[in-house]
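Note on naming: letters A, B, ... go to the chains in the order of the sequence lines (proteins, then strands), and numbering restarts at 1 for each one. What you are looking at is a predicted structure, and each value in this text was computed from that prediction instead of being measured.
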Amino acid sequence: MSARSLGLLGLALAACAAADDREPVRELPEPVAAPLAQAYCTAKVQGIGPLAVEDNYLPHVIACENGEAGPEALKAQAIAARSVVYYAMATTGSICNSQGCQVYSCGKKPQKAHYDAVDATRGMYLASGGMLTYAFFVDGSSSPDPKTCQATKGPNQKYVTYNEGATGTSVKQTKLGYVGAPGFGQNRGCMSQWGARCLENDKAYGYAAILKFFYGDDIQILTAPGQCTASSKEPPPPAGGELEPMTRDQIVHLAASGVGYSYWPGHARWDPVTGAAKGKCQKGTHQAFPPGGPEYGADAPGYVAQVWQAPSPNPPDYDRHPYKTQQFRFDQKNWFAIPRKDLKKGDGLVLHDGKSGHVLIFDRWTAGGKALVYECASCDVGCVYRPKSISKDYVAIRRRKLDEVDPNQPPEGNLEKADCNTLSGWARDADSPGDAVDVVASFDGPVGQRGVSSVRVSAADARDDLCQLLGSCNHGFSLSLPAGLKDGRKHSVYVYALDADRGPPRLLLGAPRSFKCGQSGPVGCTHTACAAGSALAPTCGSCEASVCVEQPACCTGAWDASCVEKAALLCGCIQGKCLHDPCSTGEPLSKSCSPCTAEVCVLRPECCKPLSGAWDASCVELTLKTAGACAGACAGGPSSCAHSECSAGAALAANCSACANAVCARDAFCCSQKWDWICAKEAKEDPQCSCPK
Amino acid sequence: MCYQRGVAPTGSWPRGRNATAWLLVCLVAACDGGSSGGEGEGRPPALSAPWGSGAGQLGKTAPDEGAPEAPKSFTAGGDGTLYVLDQVNARIQVFAAKGAWLRSVALPPRPFEDLELWGEGFVLADLHHTPALVFLDAQGQPKKEVALAGPDLPEPGRVTALESRSSGYWVQVDDEYAVHVADPQGEPVEREVAAGLALPGGDVLRSEVGSGRLALARTPATGGPATRWELGGFALPAREQSLLALLPDGRLAVAVIGEGEQTEPETPPAESHELVLLDASGAELSRRELPVPGGPEDVFRRVRVGGDGNVYVLTLLGEQAQLVKVTP
């Protein structure tokens with residue numbers, strides 16, 4: 001995708017006009033929904049690195065692209081350039097530094113006029129029809145008619161559109177980009193940079209009128225929310241003010257967003273959107289990330305003040321350092337000391353010996369009695385989440401104005417059996433002792449680790465031996481080991497009980513475990529039975545076993561087309577796809593024809609049993625109700641997340657999609673409180689989500 | 001006060017600030033000639049090193065607004081030689097079994113947290129910046145490095161211990177489970193997990209501290225329900241398990257830090273530290289008092305079983321650090 005800007009207008013307009021010899025875009029570009037939930041405060045510029053969009057990137061771009069223009073044309077240019085970089089960040093996560101996108105480095109230093117134009121339009125971008133509009137611009141003719149500011153000649157004039165007075169489907173799209181159906185919101189035409197100058201100089205148009213002249217009267221100029229889009233001329237949030245209510249989940253959620261940043265004495269600032277600032281301060285000097293960019297990090301009391309939003313609400317990327325540890329230790333206005341045994345998630349621990357001190361956020365106790373804490377510890381360590389032995393010198397403190405919830409006991413259970421066929425045991429939640437809880441088995445890594453697969457089942461099986469032990473009997477679970485893991489290689493399984501009250505999952509006693517099942521070497525479970533490849537082992541699953549009974553060479557020689565054909569017949573798959581939609585009844589499906597069927601087949605093997613089984617209504621129901629890989633498989637199922645996981649909004653149900661499930665396994669806040677920009681960022685980083693980077 | 005199994009301490013147990021000092025006095029003086037006759041009892045600590053950066057000293061520091069630090073970890077070789085990870089001074093301090101300073105080994109400038117021996121050299125765990133096990137020779141030169149982040153270990157910062165076993169080097173996560181990350185030669189391995197402390201025969205033992213008690217659960221290697229039992233009768237309610245280890249003779253060693261009720265939230269609670277020895281079946285054999293580690297500084301490992309089979313406790317005092325050796 002290209003902005004088709006000719007760039008360097010202020011330096012060499014004529015040369016630039018000739019330079020654009022790229023072909024127009026023919027393919028349907030990826031749409032980006034508008035309004036945007038959050039401004040992109042940092043742009044990753046290819047070959048340079050991350051840059052602050054408002055304070056660095058855009059002033060350079062407009063200086064390079066139309067540097068000699070007047071203030072209104074510069075503002076129009078800033079809004080168009082911002083739309084372009086927002087699109088690039090939303091779709092590819094970076095932007096090139098050339099005329100193919102827009103030019104950042106041309107050797108020209110931005111002047112006050114450029115900074116002012118960007119500052120006056122902070123966060124503004126173009127949108128139409130619920131889409132982010134890709135604001136095409138070219139230089140156009142250098143000698144437009146001064147009465148109309150239009151032109152007909154010029155190398156790129158053919159791309160320029162004049163849409164003044166046009167709205168909706170009558171707006172002309174530019175052939176520089178993909179031309180969609182009439183009214184297509186992403187392509188609303190193309191601005192002429194020379195024409196913009198003309199409009200300001202000869203017709204006294206303001207920036208909004210200039211943009212409407214080229215993109216149509218109904219082009220929307222929206223402002224993306226974000227700390228970087230508040231005008232730099234605005235005063236900082238006032239010091240003092242009132243503490244506002246917070247939940248414990250909100251506290252740890254904010255604390256987690258600061259993990260990975262540097263220790264920065266006397267400061268507290270981090271950007272939950274752009275990610276961690278790796279860096280090690282040495283000899284008291286904070287190392288900025290990226291070099292030359294904004295500095296991020298915090299020291300201990302600065303971090304806790306931000307996390308507790310004390311003494312008043314403050315965006316975490318706004319540097320504020322209102323307290324020292326001495327105040328956390330001795331002041332009582334916004335917090336108070338509590339007995340250590342009463343510590344709960346989101347409380348603090350403070351230490352002060354009269355000269356120096358430390359303060360941190362408590363999350364929970366480990367099995368060994370260490371505290372899992374969030375803290376900005378030192379230059380060596382930075383801001384981390386880690387287990388820590390808490391000596392008696394630490395005083396426990398609690399923020400005032402906490403929205404308390406009932407105390408929650410963690411679930412418990414035991415993984416009793418883990419062999420090559422079955423994982424079984426029991427689990428329950430003492431808060432709901434008679435109710436069944438779900439257990440999650442994750443393979444080759446703890447739950448929440450990127451790339452691990454997981455299976456979720458209900459621990460509701462009746463077991464006589466549990467009646468006396470637990471007071472109720474229906475807490476057993478059992479599930480089959482996925483066939484794909486029987487490949488002769490070492491794997492691990494972690495089994496957790498899920499908290500009925502959405503607390504963190506609890507690793508069962510007896511877990512994790514390592515296992516090695518099936519055959520190794522060339523005969524293994526290296527691909528699905530529905531696709532050709534190397535020989536598969538009969539132990540991979542009942543499908544493979546059935547095929548090899550009839551065609552032994554499939555398990556000794558190669559899994560060739562005849563094996564695939566046989567698998568299609570026996571196992572419910574064809575050409576690597578499921579034989580039919582798992583959302584409708586029919587022949588048994590192969591567990592290897594899709595990740596969803598793999599999960600359903602574990603839960604109900606009859607759905608997948610070759611010949612004797614059937615994909616009946618119960619299998620369809622499981623497809624609809626099973627979270628994880630089946631989320632999103634069927635229309636009308638639990639896949640309908642209330643909004644995109646890639647953007648901020650209300651809390652999502654964990655089982656609305658595999659993506660939401662994965663994010664909430666790591667960050668319960670996203671499914672219990674709010675799907676804020678941190679959740680959206682986590683979604684963008686999770687392989688189970690398909691967000692643009 | 002070196003009492004036996006099931007016998008709770010009687011009389012006036014000290015409370016408040018004096019408890020730590022009382023226990024230390026007990027350890028080095030009053031317990032002489034106790035039931036087990038350990039080397040630590042009635043004798044000077046194995047090592048006393050004043051704070052500082054000179055030869056034979058150990059570093060302690062505190063940023064104005066951050067976590068105070070002291071020696072991060074230590075270990076003891078089979079001959080009793082003591083190795084202290086003096087991270088503040090970026091070195092390993094080596095002491096003879098009787099406490100005489102022998103030499104320093106300069107370390108690369110990385111935030112190491114834990115230490116183990118690797119032949120004549122060392123293994124150090126960097127958990128935060130470039131999480132890895134770093135294998136150094138006896139002169140401190142890096143020879144090998146095994147990344148920690150990866151399968152079964154997405155958050156190396158949550159490692160609670162580095163352990164040397166016959167199969168190589170394992171790390172413990174959240175005091176709950178262990179991940180095998182390197183072989184004895186310092187090469188990465190196909191990762192394997194264990195749900196706790198692996199016992200001879202394959203059973204796995206896990207402990208859990210909660211509500212002032214320490215519970216143990218043994219999961220049989222053959223499958224089936226875990227066997228659970230509690231260790232009670234501590235001088236003070238259990239706050240933290242400082243050690244769960246297998247001794248060379250097959251006995252189990254469990255050390256527990258206890259914490260008393262606070263009369264006021266801002267008054268430091270009384271602390272105790274006890275070592276419980278169990279036989280291979282989990283039956284309690286005896287109890288011993290240990291010195292309370294003391295000090296608010298971040299110390300990654302305060303108690304461990306040395307290569308000589310003794311239990312060592314690192315204690316931080318006003319003027320010095322001490323390593324106290326207790327023969328179990």
Given B/Glu190, B/Arg191, B/Glu261, B/Glu297, the one with more heavy-atom pairs under 4.5 angstrom with chain A than any other is B/Glu190
B/Pro63 and A/Ala377: which non-hydrogen atoms are nearest, and at how many Å?
CG-O, 4.0 Å
Option in B/Thr61, B/Val179, B/Asp174 with maximal non-hydrogen atom pairs under 4.5 Å from chain A
B/Asp174
Minimum heavy-atom separation for A/Ser378 to B/Glu69, with atom names?
OG-OE2, 3.1 Å
Please determine whether a side-chain nitrogen of the Lys or Arg among B/Glu266 and A/Arg329 lies less than 4.0 Å from a carboxylate oxygen of the Asp or Glu.
yes
Per-residue contact mode, A/Val381 against chain B (heavy atom under 4.5 angstrom)
both
Option in B/Gln87, B/Glu264, B/Arg228 with maximal non-hydrogen atom pairs under 4.5 Å from chain A:
B/Arg228
Please look at A/Tyr385 and chain B and tell me whether the side chain, the backbone, both or neither of the residue comes under 4.5 angstrom of a heavy atom of that chain.
both
Just give me the residue among B/Thr222, B/Val209, B/Thr263 that pairs up with chain A most often, heavy atom to heavy atom, under 4.5 Å.
B/Val209
Strictly below 4.0 Å, N to O, side chains only: are B/Lys72 and A/Asp380 in salt-bridge contact?
no
Which heavy atom of B/Ala67 sits nearest to which heavy atom of A/Lys388, and what is that distance?
CB-NZ, 3.9 Å
Partner chain B: residue of A/Trp365, A/Tyr494, A/Phe515 with the largest heavy-atom pair count (under 4.5 Å):
A/Tyr494
Carboxylate-amine/guanidinium contact B/Glu271 A/Arg340, below 4.0 Å:
no
Do B/Asp175 side-chain atoms and A/Thr366 backbone N/O form a donor-acceptor pair below 3.5 Å?
no
Greatest number of heavy atom pairs closer than 4.5 Å to chain B - which of A/Ala300, A/Gly357, A/Cys376
A/Gly357
May I ask you to name which of A/Asp444, A/Leu509, A/Leu508 has the most heavy-atom pairs under 4.5 Å with chain B?
A/Leu509
Given A/Ser442, A/Ser356, A/Gly368, A/Pro301, the one with more heavy-atom pairs under 4.5 angstrom with chain B than any other is A/Gly368
Pair A/Lys370-B/Thr160, side-chain contact (heavy atoms from CB on, under 4.5 Å): steps then yes or no
CA-CA 9 Å; A/Lys370 293 190 181 71; B/Thr160 42; 4.2 Å; yes
Identify the heavy atoms of B/Pro296 and A/Asp393 that sit nearest to each other, and give their distance.
N-OD2, 3.6 Å
Does any heavy atom of chain B fall under 4.5 Å from the side chain of A/Ile338, the backbone, both, or neither of them?
backbone
Can you tell which of A/Leu360, A/Ile390, A/Ile397 has the highest number of heavy-atom pairs within less than 4.5 Å of chain B?
A/Ile390
Shortest non-hydrogen contact between B/Val159 and A/Pro387, atoms and distance
O-CG, 4.3 Å
Around A/Gln332, counting heavy atoms of other residues, nucleotides and ligands shown, do more than 12 lie under 6.0 Å from its CD?
yes
Side-chain contact test, heavy atoms from C-beta onward, threshold under 4.5 Å: evaluate it for B/Asp298 versus A/His358 and give yes or no.
no
Relative to chain B, which of A/Asn414, A/Asp353, A/Val395, A/Asp342 shows the most heavy atom pairs under 4.5 Å?
A/Asn414
Checking the side chain of B/Glu65 only, and the main-chain atoms of A/Lys324 only, is there a donor and an acceptor separated by less than 3.5 Å?
no
When every non-hydrogen atom of A/Tyr263 is compared with those of B/Gly66, the smallest separation belongs to OH-N, 3.8 Å
Structural part of B/Val193 lying under 4.5 Å from a heavy atom of chain A
both
Can you say whether B/Ala194 sits under 4.5 Å from chain A via the side chain, the backbone, both, or neither, judging by heavy atoms?
backbone
Identify which of B/Glu113, B/Arg206, B/Glu176 forms the greatest number of heavy-atom pairs closer than 4.5 Å to chain A.
B/Arg206
Are any of the side-chain nitrogens in A/Lys490 or B/Glu192 under 4.0 Å away from the carboxylate oxygens of its partner?
yes
Checking heavy atoms, do the side chain of B/Leu214, its backbone, both or neither come under 4.5 Å from chain A?
neither
A/Arg398 versus chain B, heavy atoms under 4.5 Å apart: side chain, backbone, both or neither?
neither
